[in-house]
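Input: a single structure, listed below in structure tokens.
Owing to the predicted nature of the structure, the values given are computational and were not obtained by experimental measurement. Excluded from the calculations below are hydrogen atoms, water molecules and symmetry mates; all remaining heavy atoms, backbone and side chain alike, are included.
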Amino acid sequence: MTPEEYTAALEEERRARNDRAKYIVREEHGRWALFRRNGSGQAWGLNSYTTLATAQLAADVLNRLKVDEA
């Protein structure tokens, strides 16, 4: 494997990993819930917040960290 092929393979893996999971916010029972959704659309709750702004900030930070980590 050439260095260029290796770099391309790493970039493809990073892109695939970023596309798989997203952090989203949904309203549930009068509160705002933070969910992690996988590539298949399945989601599971992580935390709940009293305001939409706080929940959306948490989702934005986690999505940004995921991009930076990759």
Side-chain angles (χ1 to χ4, degrees):
M1 181 180 272
T2 67
E4 292 81 18
E5 291 172 330
Y6 181 71
T7 301
L10 285 177
E11 178 61 21
E12 179 58 34
E13 181 184 336
R14 181 194 69 79
R15 199 172 19 258
R17 192 170 49 243
N18 269 341
D19 291 342
R20 281 193 297 245
K22 300 265 188 249
Y23 294 92
I24 59 170
V25 176
R26 293 192 300 214
E27 185 176 10
E28 282 200 345
H29 311 294
R31 296 179 59 98
W32 298 97
L34 176 65
F35 287 85
R36 185 172 194 264
R37 184 178 61 204
N38 65 16
S40 300
Q42 299 169 318
W44 54 96
L46 299 175
N47 204 349
S48 63
Y49 298 88
T50 56
T51 65
L52 174 59
T54 305
Q56 191 59 57
L57 178 63
D60 292 344
V61 167
L62 289 170
N63 283 321
R64 179 60 195 198
L65 283 174
K66 183 175 61 82
V67 170
D68 289 345
E69 177 186 281

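Taking CG of Leu10 as the reference point, atom CD of Glu5 lies at 12.0 Å (rounded to 0.5 Å). To the nearest 0.5 Å, atoms CG (Asn63) and CZ (Arg36) are separated by 9.5 Å. Interatomic distance, Trp32 CH2 to Arg26 CZ, rounded to the nearest 0.5 Å: 12.0 Å.
Across every non-hydrogen atom of Gly45 and Phe35, the tightest pair is N-CD2, 3.3 Å. Summarising the geometry of Ala55 relative to Leu34, their closest heavy-atom pair is O-CD1, 4.4 Å, with the distance given to 0.1 Å.
In this structure, Leu52 is not a member of the same hydrophobic cluster as Ile24, with clusters built from ILVMFWY side-chain heavy atoms closer than 4.5 Å.
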Exercise. Applying side chain to side chain contact (heavy atoms under 4.5 Å, CB included), run through Tyr23 and Val61 and close with a yes or a no.
Key: CA-CA 9 Å; Tyr23 294 92; Val61 167; over 6 Å; no

Exercise. Begin from the C-alpha positions of Tyr49 and Val25 and carry the test side chain to side chain contact (heavy atoms under 4.5 Å, CB included) through to its verdict.
Key: CA-CA 10 Å; Tyr49 298 88; Val25 176; over 6 Å; no

